[in-house]
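Only this structure's heavy atoms are used, side chains among them; waters, hydrogens and symmetry mates stay out.
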Amino acid sequence: MGLFSSIAGSVAAKMGGEQGRMFQVALEIIERNGGAPGVLQKFRDAGMAEEVDSWLAKGENLPLAPDQIEAALGTPVLTDIAQKFHMSLDEVAQTLANYLPKVVDRLSPDGKVPQTQSDLMAQALSAWRRM
């Protein structure tokens, strides 16, 4: 486990409850896909560029459905995360459908997602304080 993961795990533990759990799930998805830009590219590649662009822009975020999460990230990834966090596949997909647009929106107040792990952590901490 790297320094970033260790710090992020500590932050999630201090958040506790559902919020901490969602932070950990979101972080896991981001880490597995080469950072926030990699996650967004997965959704663009799966035909959801309009949704991604809405999360980065000012205004209302277009929603996602759980099946869109599964289409973009893949069943094996979601199954692995479900096992790691003791959730069902449906719970993981629904949770990400509910939270991912909000998280990306809050991580990108200027329309750009953080490019490095340290920038991501700083922006994530700032965003979670505002939630």
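- Atom-to-atom distance recorded for Asp80:CG and Thr75:OG1 is 12.5 Å, nearest 0.5 angstrom.
- The shortest distance between side-chain heavy atoms of Ile29 and Val77 falls below 4.5 Å.
- In this structure, Met87 CE and Gln94 CD are separated by 10.0 Å, a value rounded to the nearest 0.5 Å.
- In terms of heavy-atom proximity, Ala97 sits nearest to Pro66 at CB-N, 3.9 Å.
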What's the verdict on side chain to side chain contact (heavy atoms under 4.5 Å, CB included) for Ile81 and Leu96, showing C-alpha distance, side-chain angles and the deciding distance?
-> CA-CA 11 Å; Ile81 290 170; Leu96 287 170; 5.7 Å; no

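- Here the shortest heavy-atom pairing between Gln68 and Ala65 reads OE1-N, 2.7 Å.
- Annotation: the span from Thr79 atom OG1 to Leu89 atom CG amounts to 4.5 Å, rounded to 0.5 Å.
- Using modelled atom types, no side-chain atom of Glu70 and backbone atom of Asp67 make a donor-acceptor pair closer than 3.5 Å.
- The distance from atom OH of Tyr99 to atom CG of Leu64, rounded to the nearest 0.5 Å, is 15.0 Å.
- In this structure, CD1 in Ile69 is found 12.5 Å from CG in Asp90, a value given to the nearest 0.5 Å.
- Here the side chains of Asn33 and Leu73 are in contact, with some heavy-atom distance below 4.5 Å.
- A pairwise comparison of heavy atoms in Trp55 and Asp105 identifies O-OD1, 3.1 Å as the closest pair.
- Closest approach of Pro101 to Asn61, counting heavy atoms only: O-ND2, 3.7 Å.
- Shown here are the side-chain contact (heavy atoms from CB on, under 4.5 Å) partners of Ala82, two or more places apart in sequence or in another chain: Val92.
- Pairs passing the salt bridge (Lys or Arg N to Asp or Glu O under 4.0 Å) check and including a residue from residues 36-51, sequence neighbours excluded, read Arg44-Asp53.
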